[in-house]
Amino acid sequence: MKPLQLLTYEDIKDLKLVVFDVDGVTIKKGTQIEEIKTADKTKFTISTNNLTPEMKDALFKLKQKYFVAICSGRSSLYLTDVFNDLLWDNFYLISEIGIFTLIDGELKQNKKFERKYLEKMKLIKNDLSKLVGDKPEMADFELKQFLITLHASYEIPEVYEIMKKNDPEKEFYCLWNGEAFDIAPKILDKGESIKFLAKELGIGIYQTMASGNGPNDKSMLDAAGIGITTDKKSVEADYYTEGNEELGGFEIINKLLELSK
Ligand SMILES: [Mg+2]
């Protein structure tokens, strides 16, 4: 791994697409989820940090020079709400860890899930719901189309037992990111999704750069022409940022704007 400051113009001369993770890269980490179910009502609240005006401005400047994509575990609805002002030119939203891509007014599902995956997802979610029922103060689900995201106050070991029981074939991943478990079929990940987007944009995967800070970013950091980690203790890549670990995206944008002047 090399520090980002060693990136040169020569390294990015063919670059067309720059992809950013959200939590911890473009928006500060920290999500609280609460779901209160009674016999006749369900109340759901989510509280997250906002996209700052400075980050919005930096992303806006960057999309004047490159295609820019956000690639996150969040739902498409959430990402559309948060990044709405940056749509639609040169700006794309990949949601649910690579399952959907919002591109030019169309929400594309990157691959269809076979029935066997869908049935397995139901069983896993069902068992997790029972677990949440036993520990409601510690865990709750975030609303998603397919990706199962269980927010928890600690890495609950029973979650791995539930995975073992329902997925002995190990067709699903189950990643703990420090604030939640993300569970979905392995056939789709962030790496596959940026290959999908590059193809849609008619560019080569070597013309892409991806940045992230956690285990669910590993596949896209490896797939992209240039991978940058903003948290080198959690995930490795070609380059690492050295400054603000809470919002490493700034360092990347500043470096690219400086090199592409
Ligand atoms: Mg992250």
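Given the structure is predicted, the values throughout are model-derived calculations rather than measurements. Atoms within a ligand are numbered from 1 in the order they appear, just like the ligands themselves.
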Validation row, ring centre Phe181 to ring centre Tyr160 under 6.0 Å: yes
N, O or S atoms of the protein lying under 2.8 Å from the Mg ion (ligand 1): Asp21 OD2, Asp23 O, Asn213 OD1
Intermediate values then yes/no, side-chain contact (heavy atoms from CB on, under 4.5 Å), Phe146 and Leu188: CA-CA 11 Å; Phe146 288 124; Leu188 272 175; over 6 Å; no
Trace of the side-chain contact (heavy atoms from CB on, under 4.5 Å) decision for Phe83 with Leu59: CA-CA 10 Å; Phe83 293 96; Leu59 289 167; 4.0 Å; yes
Rounded distance (nearest 0.5 Å) linking atom CD of Gln32 with atom NE2 of His151: 9.5 Å
Lys122 with Glu119: basic N within carboxylate O range, under 4.0 Å: yes
salt_bridge(Glu179, Lys29) N-O dist < 4.0 Å: no
